[in-house]
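Heads up, the thing below is written out as structure tokens.
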Amino acid sequence: MVDFQRMQKKWQDAWQKAKLFEANRSDCEKFFITIPYPYISGSLHIGHARVVTEADVYARFQRMLGKNVLFPLAFHISGTPVLGISLAIKNKDKEKIELYKGYVRNYITEEIEVERIVASFEEPQKIVDFFVPKMKEEFSTLGLSVDWRRSFTSGDIEHQKLVEWQFKKYKKKGYLIQGKYPVLYSVALGNAVGEDDIIDGDVDPVEKQEFVLVKFRLNDSFLVAATLRPETLFGQTNVWVNPDCDYIIAKVGGEKWIASEECFEKLKLQDWIITEISKVKGKSLLGKKCLAPFLEKNILILPSSHCDTDRGTGIVTSVPSDAPFDWISLKMLQDSPDLCKKYGLTHNEIKKINPIAIIDSKGYGELPAVELCEQRKIFSLEQQKELTEATQEIYKAGFHTGIMKENCSRFAGMNTAHAREEMKQELLHNNTGAIMFEPSRPAKARDGSKIFVAILDNQWFLDFNAPGWKEQAHNVLKHIELVPEKYRKQFEDIFLWLDKRPCARRRGLGTKLPFDQQWVIESLSDSTVYMALYPLCHMLREHKPLLSDPFFDYVLTGEGNVTDVAKQCNVPKKIVEDIRNEFNYWYPFDQRHTFTAHLSNHLSFMLFAHAALFARNKWPKKITFHGMVISEGTKMSKSKGNVVTLLELNNDYGADVFRAFMCYSTSVESTFNWETKEMEKMKTHLSSLYRLLEEITVHRSKGKLPTALVSKVERLTEKATDYFKAMKLREYTTITLFELVNVHKKASKRLSREELAFFNNYLIDRWLLLLAPLVPHMAEELWRMAGHKSFISTEKWPITDKEKIDAMAEYKDEFVEAIAEDITTVCKLAKVEHPKEITLFVADHWKGDFVALLKELMMESYDQKTIFTSVMKTELQKKGEEITKLIPAYIKDPARIPPIIMGHDTELKLLQDERYNIEKTFGCPVRIQSAEKTTEQKARVALPGKPAILVK
RNA sequence: GCGGACGUGCCGGAGUGGCCAAACGGGACAGGCUUAGGACCUGUUAGCUUAGUGCUUACGCAGGUUCGAUCCCUGCCGUCCGCACCA
């Protein structure tokens, strides 16, 4: 096996020493490619590797096309994850500490040192400081042509200043606004919580659910129930309270509300002002009547244990037609006079309560809840699980297929989704309802504290609907190139749907909002224009200008006056101009290669940001999309043990093998499936390819070239180039890794040793150049072997010599091959194992003329009659009888018409020339005859491109 | 539910109106090389059939448009992805 790792190290060092990929401003056309900057994490895996590798292969190609290529890479540290690691380590979270020790051990051998480093992670910055260099190293093992001088992290001061500038601009334009917003919240922590702060938040995500509060007038107060389905209110028959619980009467606004204590606690977090007045026992409410909204009549208050004071308001409005819990509660009461008596209720009155059918749902009768409970044999509230399932099923059916019945006043005939919204609005409008939020399931934060939904005031939003912004964003979109183009529609849809987006949080790493320091700009919002920093960052570090707004105004948009700006930011004017020129040269980026999943957030925000901040000549040029990454057929996850890290990759295979495998195994936009077995195959293939190329570099000399083979190589070069330009890496890879091998195989079979050396001499440089972007280390090694002194990485891409593309020569080649195949078939059919003699009859002159004419006619029409008439107008009418038979056959299967019609004489001559080769193949004499000069019956079936074959 | 994508051989996957039994690769089978294994080379890998280089069927299912459809249209079935405050 070839030692790819050794080769890789050698060339990576050489590149670095030569500063080969440090991109500097020049007179050359530039090409600036970016990818999403990776988030800091313990280990890089093949998921990270995909996007950088694809971008690198393309960057290398562009470089070889003669462009001045900039491929930079920065790192993202904003948001909660890094902070979360720090906190976990500070809290002595054993699991996390072990995990990170494991990561650190990848680089550090001494255990004491490992301990010390992990302990230092209590400080988030230390995590960044430790991992960023390691990540750069690991990425570099892939053979990336990245200019690392321009690297930074989103926590760096340069980046923060840029983001501040951006947000001040937003504010000035009115794109940044403040308002109320519900968030998941822990009272104990005094903070909003995200998925990773919640126990099992990743496996069982918690959402914010919107309940509608429904107010039932009871004397001078309101009994408040909560529902997720306000559209069912026409089916109310009664109200449920828990007889064993206490409720609170509280002053809310000018009203008195009755609900559970927990409920008022929740409401207090949601911007309500509440003063508790007194307690009331659930039991004491039973048997009373309250006024139900929409029904506009009084209904009974009844007991049910399914009222949970912790859920909603602790009071439930009863819709037995559509809610299994309600139906079973009601039924239990109706079936038990004793129970009624216990609560002092009149059994007869309760027996009179009937469910009211209100919604037509597909697949259900009048009363879905009743129906389903019978079907599933649900009799008791004890059957929690079954009841919940039944509820969900009805909910789903009702929501998606339900139509409101006649008895639903002005909402009759509406679909339920529409009715829900309308009825909610009416409740709010009449002040018989309100909105309350709840977590979708009971949830706890990692410290054990309960999670609520709180409404934050003064939340900062980006308002994508601010006047003018969206229009401009559409403009940016209109001018950008997308590969594949099909994603444009998706962008358009997302643009329409984008509204207000919270863009700052109370915690996490990142940039503080410049005008409100208690807020940190959220991590997706702080990474929409960071690409603009790539051209400048190393210069900012070198010259240290004061990073004021006028500075960025001038450098990024050209606003302002250099002299003033230079004075203001305390560097010489020349430097400011230099920085401005650098930006102007590189920006905008020419391509962003990224994951489709970013479409609805990062990419959209990025386009909006550019629309807001830059003039048209700085708008992004192109986005290319790649698919997702899986391993051994499934999603990568630690528990499945199928995560393949870059460290492993490098140890077991090396960069070239991975690059080749990655690009070959899937098209850019499809899912990349890592399969160890396949990877092994690629390793052996690449090894033998290396050996073959090695052999070619040795066995070569100058001389006459085989036309057909050279033509094939030229054609493949052209195809590879076209595919490459269109980002079709898989197709390009197929050609360089396999199809050229096949051509060479053919050559070594067909040519003499001497002729092969001539061909090799022509092929070797060409082939290596084609391989260089894909497997750069191997290409460098062989390039030197082939006698060159330069780096192949910065050589020029081969240009197709169109003169050398000779369709006729290639066709002749194929023609002879096809004949050999046909002879084999005929021998088999004739059951002649070892032919004694083979005769080939070349089709008559007129047949060639006829097929040529036919081909022309068929470009116009496939209509038999038309073609026949046209043919009969020519000389060929003499052969009318045969032609009558031939036309339908050719029309039925136009593939029979040879792509090139050589004609009788050429075909005859070609076969005569090849006679010796055919004889050699079949080991018997071969005769070539014109069908015109024989009486042999077989000769008549000869067609152009298909000589008749006679074997004896 | 809404929005999007997809469904081709044993498998991964090309093709996107006639040049397709289907590129390229993998697997399987047979043969060669080899002490053996690996690597490598040759052939076969839908069915049928034949003195003639062919025929028939196939690209989720059912229809339609067309001289002609894997490719266009309609419906159905199935799979996957996104639906926001999360990087």
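Order of the sequence lines sets the chain letters (A, B, ...), proteins ahead of strands, with each chain counted from 1. The analysis underlying the following values was restricted to heavy atoms, covering all of them including side chains, and did not include hydrogens, waters or symmetry mates. Every value quoted in this text rests on a predicted model; they were computed, and no experiment measured them.
Note on S78(A): only backbone sugar-phosphate atoms sit closer than 4.0 angstrom, heavy atoms only; bases stay farther off. Among the atoms of the strands shown, none is found under 4.0 Å from any heavy atom of N673(A). Y487(A) comes within 4.0 angstrom of nothing in the nucleic acid, heavy atoms only. Contacts of P898(A) with the nucleic acid, taken as non-hydrogen atoms under 4.0 Å apart, are absent. Using a 4.0 Å heavy-atom distance criterion, L737(A) is classed as making no nucleic acid contact. Among the heavy atoms of the strands lying under 4.0 Å from A948(A) is at least one base atom, whether or not backbone atoms are also near.
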Give each protein N/O atom lying under 3.5 Å from an N/O atom of nucleotides 8-14 of chain B, with the pair distance.
{"residue": "G13(B)", "atom": "O2'", "partner": "R730(A)", "partner atom": "NH1", "Å": "2.9"}
{"residue": "G13(B)", "atom": "O2'", "partner": "R730(A)", "partner atom": "NH2", "Å": "3.4"}

Polar atom pairs between nucleotides 16-19 of chain B and protein, under 3.5 Å, N or O only, would you list them?
{"residue": "G18(B)", "atom": "N7", "partner": "Y862(A)", "partner atom": "OH", "Å": "3.3"}

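A distance of about 7 Å separates the P atoms of G7(B) and G60(B), rounded to the whole Å. Across G31(B) and U16(B), the matching P atoms stand 40 Å from one another, rounded to whole Å.
For R50(A), the side chain to side chain contact (heavy atoms under 4.5 Å, CB included) criterion is met by E54(A), H626(A), V629(A), M662(A), T666(A), F672(A), not counting sequence neighbours. For P182(A), the side chain to side chain contact (heavy atoms under 4.5 Å, CB included) partners at least two apart in sequence or on another chain are K208(A), F437(A), V453(A), I455(A).
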Please, what dot-bracket string fits RNA chain B when only Watson-Crick and G-U pairs with both distances under 3.5 Å count, crossing ones use [ ] and pairs to another strand use |? ((((((((.[[[..)..(.....]]]((((((.......))))))(((.....)))...[[[[[..)....]]]]])))))))....
In B/S/- notation (B base, S sugar-phosphate only, - none; protein heavy atoms under 4.0 Å), nucleotides 36-50 of chain B written 5' to 3' is -----SS-------B
